[in-house]
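Reviewing the structure listed below.
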Amino acid sequence: MGGEAAEAAAGRAARIAPTAHLLVTGGAGFIGSAYVREVLGRRDGARITVLDKLTYAGNRANLATVESDPELAPRLTFVQGDIADAPTVEPLVAAVDAVVNFAAESHVDRSILDPEAFLRTGVIGVHVLLEAVRVASADRAVAGRPPVRFLQVSTDEVYGAVLEGRSREGDPVGPRSPYSAAKAAGELLVGSYVVTHGLDAVVTRGSNTYGPYHHPEKLIPLFITNAIDDLPLPLYGDGLQQRDWLYVSDHAGAIDHVLRHGASGETYNLPGSAEMTNREVVAALLAELSKPWSLVRSVPDRPGHDRRYALDGSKLAALGWRNATSFAEGLAETVRWFRAHEPWWRAAKSGDWDAYYERQYGARLAASTEA
Ligand code: NAD
Ligand code: DAU
């Protein structure tokens with residue numbers, strides 16, 4: 001017995017059919033594009049519409065392996081647009097069985113410099129999606145059809161820094177950056193629509209994710225690409241902050257598992273497979289690249305820097321999900337991918353990149369010390 005039959009026998013009958021039509025918002029970003037590749041590649045007959053604004057972080061090239069594949073391409077539709085724009089969103093939501101919302105401004109450091117877009121997408125955008133799901137679900141109920149399921153992709157950062165133990169889903173949220181505050185607000189809106197309007201919705205709180213197509217503004221891809229060019233690696237503060245690293249295909253797979261099996265109104269932590277300090281991560285990637293530690297510079301810390309995140313994953317495990325990729329395997333694959341895709345990351349480090357880099361790191365690197 002396999003697939004659907006095994007799942008049904010284990011009491012986990014899928015709430016979303018394998019051939020469902022999904023609206024994937026933010027599907028041209030890092031994790032969203034991995035999700036599109038994962039679902040279309042693994043589930044025959046599944047269809048996806050991507051809605052993506054193509055901000056600096058969105059890249060149509062992230063979907064190139066799907067769009068150039070004659071079997072997969074006919075099952076993908078791409079729409080460029082904003083989740084905060086109701087006239088764009090409403091007809092797209094009315095045509096699908098479920099919405100998976102990856103769309104967000106995702107970089108904590110940018111939220112400290114320019115928070116406005118984080119609030120617009122993370123709060124107004126989520127609200128526009130929820131209203132469209134509410135209306136479409138009501139229309140479907142009249143026709144005796146199940147509601148449109150909504151999955152909000154959220155983050156472990158909503159718990160704030162966790163110095164000891166592990167965060168469980170029932171713990172209070174305490175976001176400490178504009179990014180995580182916007183993500184927490186989005187989650188609270190989802191909960192309010194479940195209670196007030198009976199929406200069929202689930203929330204995932206994912207851990208720090210890494211892998212191919214990761215935008216080079218983030219720690220691991222920034223340090224890999226800077227190290228390839230023998231540029232300084234700006235490590236914040238003492239570098240003893242802790243994160244739990246989750247390989248991108250595991251994150252995408254876990255989201256799909258929760259979409260298909262999670263109970264409405266519930267939130268699920270998605271932990272990683274490797275709790276490490278930033279120093280340990282940087283040492284591992286330098287070893288993989290055969291580059292020296294002398295590239296690392298200690299720079300003034302991120303304001304409000306969360307010291308540690310750690311998730312309890314028992315609720316997800318009880319739903320039947322296990323991560324497949326160790327940090328050693330995931331990092332080796334990530335380094336291999338970045339080495340093989342120089343044009344991709346050099347393009348991401350062009351245009352406004354130099355101005356951003358100077359604003360973010362110019363004064364810090366000038367004040368840097370040996371790490
Ligand atoms: P990303 O920045 O790589 O991608 C975000 C995508 O959303 C981009 O394609 C962008 O163009 C699109 N987008 C932004 N605003 C939009 C809007 N208003 N309308 C439509 N599209 C818009 O981000 P990511 O790292 O792939 O993160 C995806 C989601 O996962 C986010 O919601 C993030 O909060 C969450 N998350 C990320 C991580 C991580 O470590 N990267 C961990 C946990 C949760
Ligand atoms: O925990 C989940 C979150 O992980 C997601 O919700 C966010 O979208 C995602 O960007 C990520 O947030 P972080 O702030 O943890 O990731 P980032 O890669 O920016 O930083 C990882 C760690 O490395 C953090 O402790 C800050 C540190 N760092 C980061 C950068 C960019 C540095 O020391 N130097 C750097 O230049």
Side-chain angles (χ1 to χ4, degrees), residues 24-35 50-60 62-63 79-85 88-89 100-112 117-118 120-122 124-126 128-129 152-159 161 175 177 179-180 182-183 186 204-211 213-223 226 232-246 248 251-252 255 270 272 276-279 281-282 296-299 301-302 305-311 348 357 360-361 364-365 371:
V24 177
T25 55
F30 165 48
I31 310 172
S33 66
Y35 181 78
V50 165
L51 172 62
D52 197 296
K53 190 176 174 181
L54 296 182
T55 67
Y56 78 92
N59 187 348
R60 190 82 184 257
N62 295 359
L63 296 168
V79 178
Q80 182 172 1
D82 188 337
I83 63 163
D85 181 42
T88 301
V89 163
V100 185
N101 180 33
F102 290 91
E105 294 292 333
S106 66
H107 194 30
V108 174
D109 288 328
R110 289 191 195 251
S111 82
I112 296 166
F118 288 75
R120 183 170 158 75
T121 299
I124 305 299
V126 171
V128 167
L129 289 173
Q152 171 68 4
V153 178
S154 192
T155 169
D156 60 0
E157 299 204 8
V158 297
Y159 293 112
S177 72
Y179 162 73
S180 53
K183 295 299 293 185
T204 58
R205 290 180 179 155
S207 194
N208 269 74
T209 305
Y210 70 104
Y213 300 95
H214 203 182
H215 193 282
E217 68 193 355
K218 308 286 172 35
L219 175 77
I220 288 182
L222 177 68
F223 280 29
N226 276 13
L233 313 183
L235 185 67
Y236 294 162
D238 61 10
L240 295 175
Q241 304 83 5
Q242 277 178 280
R243 299 288 186 266
D244 180 14
W245 292 93
L246 174 60
V248 65
H251 195 162
I255 285 171
L270 313 183
M276 299 169 79
T277 66
N278 291 341
R279 277 181 179 271
V281 169
V282 175
V296 184
R297 301 293 300 170
S298 175
V299 301
D301 209 348
R302 170 186 283 176
H305 197 168
D306 285 339
R307 195 73 178 160
R308 174 175 179 263
Y309 305 124
L311 293 175
Y357 200 79
Q360 194 67 258
Y361 295 105
R364 275 176 161 153
L365 281 168

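Counting convention: from 1, in listed order, for ligands and their atoms alike.
- Residues F223 and P232 have side chains not in contact (no heavy-atom distance under 4.5 Å, counting atoms from C-beta outward).
- Taking only nitrogen or oxygen atoms, main chain and side chain alike, A103 does not reach within less than 3.5 Å of ligand 1.
- Not a single N or O atom of W245, backbone or side chain, sits closer than 3.5 Å to an N or O atom of ligand 2.
- Considering backbone and side-chain N/O atoms, Y236 comes within less than 3.5 Å of an N/O atom of ligand 2.
- Of all the listed residues (A104, G26, A182, S180), A104 holds the heavy atom that lies closest to atom 14 (C) of ligand 1.
- Within the 4.0 Å heavy-atom cutoff, S33 does not count among the residues contacting ligand 1.
- Using bins of under 30°, 30° to 60° and over 60° for the plane-to-plane angle, the ring pair F30/H214 lands in the parallel bin.
- In the model, R364 has a side-chain atom that pairs as donor or acceptor with a side-chain atom of Y236 under 3.5 Å.
- With respect to K53 and D82, a salt bridge is recorded, a charged nitrogen being found less than 4.0 Å from a carboxylate O.
- Counting heavy atoms under 4.0 Å from ligand 1, residue Y179 touches it through the side chain alone.
- When R364, H251, H305 are checked for heavy-atom proximity to atom 25 (O) of ligand 2, H305 turns out nearest.
- Not close to ligand 1: A34, with no non-hydrogen atom less than 4.0 angstrom away.
- Below 3.5 Å of separation, one finds no N or O of Y309 facing any N or O of ligand 2.
- Using a 4.0 Å cutoff on heavy atoms, Q360 does not count as a contact of ligand 2.
- Polar contact with ligand 2: absent for F223 (N/O pair, distance under 3.5 Å).
- Some N or O of E157 is nearer than 3.5 Å to an N or O of ligand 2, by distance alone.
- Looking at R243 next to ligand 2, an N or O pair under 3.5 Å apart turns up.
- Using a 4.5 Å cut-off on side-chain heavy atoms (C-beta onward), I31 and V153 make no contact.
- For ligand 2, the polar-atom distance check finds no N/O of I220 at less than 3.5 Å from any of the ligand's N/O atoms.
- Contact analysis leaves K183 out of contact with ligand 2, as no non-hydrogen atom separation drops below 4.0 angstrom.
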